[in-house]
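Numbers for residues simply follow the sequence, beginning at 1. What you see below is based on every heavy atom in this structure, not just the backbone, and it leaves out hydrogens, waters and symmetry mates. Atoms within each ligand, like the ligands themselves, are counted from 1 in listed order.
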Amino acid sequence: MSTTREEHLSPEQVARLQEAAWAEAYRYAFDRSPFYREHLSRAGLTATDRPPLGELGRIPPIDKSILSEHNEAFLCVPRRKVVDVVTTSGSTGHPLVYLLTERDLRRLALNEYHSFRCAGLSRSDTVLLAVTLDRCFIAGMAYFLGLRRLGCAVARVGPATPVMHLDLLRRVQATAIVGVPSFLGLVADQAAETGVDLAGLSVRKAICIGEPIRNKDLTLNRAGTAIEQRWNAKPLSTYGITELASSLCECDAGRGGHLHPELLYLEALDEDGGPVQDGGVGELTATTFGVEAMPLIRYRTGDFAAIHRQPCACGRCGLRVGPIVGRKGHKLKVKGTTIFPATLQAVLDTVPEVASFVILARREGDLSDAVEVRLACRADPARVLALLRERFRGEAKVTPQLTLASPAEIEALQMPEGARKRRHFVDLRS
Ligand SMILES: [Zn+2]
């Protein structure tokens with residue numbers, strides 16, 4: 001397979017490329033974005049006084065609430081240039097509309113082209129897309145555009161049943177699948193129930209979205225290991241966020257998602273907006289490059305992860321992002337301890353006897369949340385609950401209330417009617 005430029009850039013070339021892309025993005029935002037013209041001016045900046053990337057701290061970050069509130073003021077083009085309308089779910093309480101031009105769709109395709117190349121896919125692959133393509137979602141469309149650019153054969157199965165996925169991946173001899181880890185687990189269950197040897201089929205890569213497949217130290221977690229064993233396929237994680245029209249996908253080394261330097265700049269910030277040291281967990285804060293309709297500068301994504309900067313085994317020298325360890329709006333306060341549901345989930349994932357679960361949070365008082373885990377067990381429940389209590393105390397410093405439930409009850413909580421995504425955390429605090 002031929003290589004692309006980004007695989008051969010030195011750290012200095014990456015830095016130069018990003019600085020040049022930033023200069024263009026800054027000038028464009030000043031010229032075209034009603035929101036940023038005012039935002040940057042208020043920070044005392046002018047069209048010609050651009051802080052270098054190392055001094056981005058001079059520009060106050062914004063978040064989804066600001067983007068949602070001033071949605072139209074972020075649009076840099078006349079409405080007639082808009083060709084695609086994307087909406088984001090209101091998981092943080094701030095639904096918004098994200099608009100794309102023809103050029104933005106090409107940029108989106110380029111981003112996913114780089115991402116899937118990172119994952120080692122080529123034009124000889126046949127890829128099953130187990131991702132929603134409609135409902136104003138960006139992800140499924142982005143994957144399709146990127147795979148098409150790469151020249152893969154794509155089967156757009158979408159949110160169909162595990163039976164249909166299993167049937168199709170045998171018929172078309174798919175070599176890769178893009179989907180949510182827990183759904184890939186359901187397909188594997190279906191294969192086991194019907195006597196299909198999933199590991200003996202042709203799928204060699206599982207591109208995982210929406211749920212972590214790695215621990216903080218980048219080793220595979222339970223979900224990642226299960227995919228590797230049951231599918232006999234390499235699980236690779238891809239992280240994307242709608243408002244950035246960008247994604248970061250892992251290469252075969254599986255050491256975190258690679259940033260595509262000409263498309264995005266990333267920082268990890270602490271609660272006060274200061275930089276977090278490489279390897280430490282902070283809120284991912286992004287500046288988009290080359291976006292025409294709704295470019296963003298220092299956008300706090302609400303996702304918490306660690307940034308790694310050592311060059312990767314694959315030769316890419318841009319930064320990498322570890323697994324998402326939590327979402328800002330999901331932060332829980334339990335008896336004086338702050339914790340993310342993902343930490344509780346990681347503990348639940350270490351106990352194979354837990355068949356399925358959902359984490360529920362309720363407001364208990366002004367400063368405290370009540371957290372309950374509803375779970376279905378594969379083995380003696382008393383033993384499983386005792387083991388879980390011990391692990392929660394040791395690893396999460398918090399022991400949630402544990403309640404047994406039927407698999408059907410948990411399925412209904414994870415996928416309520418009309419839901420676009422499966423959820424393991426239900427926030428009942430607001
Ligand atoms: Zn790599």
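- Glu283 has a carboxylate O that lies under 4.0 Å from a charged side-chain N of Arg300, or vice versa, which qualifies the two as a salt bridge.
- Look at Arg214 and Glu250 and you find a salt bridge, because one of the NZ, NE, NH1 or NH2 atoms lies within 4.0 Å of a carboxylate O, short of that distance.
- An angle of 110° is found at the Zn ion (ligand 1) between Cys312 atom SG and Cys314 atom SG, rounded to 10°.
- Here Cys251 meets the criterion, with an N, O or S atom under 2.8 Å of the Zn ion (ligand 1).
- Nearest N/O/S atom of His258 relative to the Zn ion (ligand 1): this is NE2.
- In this structure, a donor-acceptor pair under 3.5 Å is present between the side chains of Lys64 and Thr88.
- Between Phe30 and Tyr36, the gap from one ring centroid to the other reaches at least 6.0 Å.
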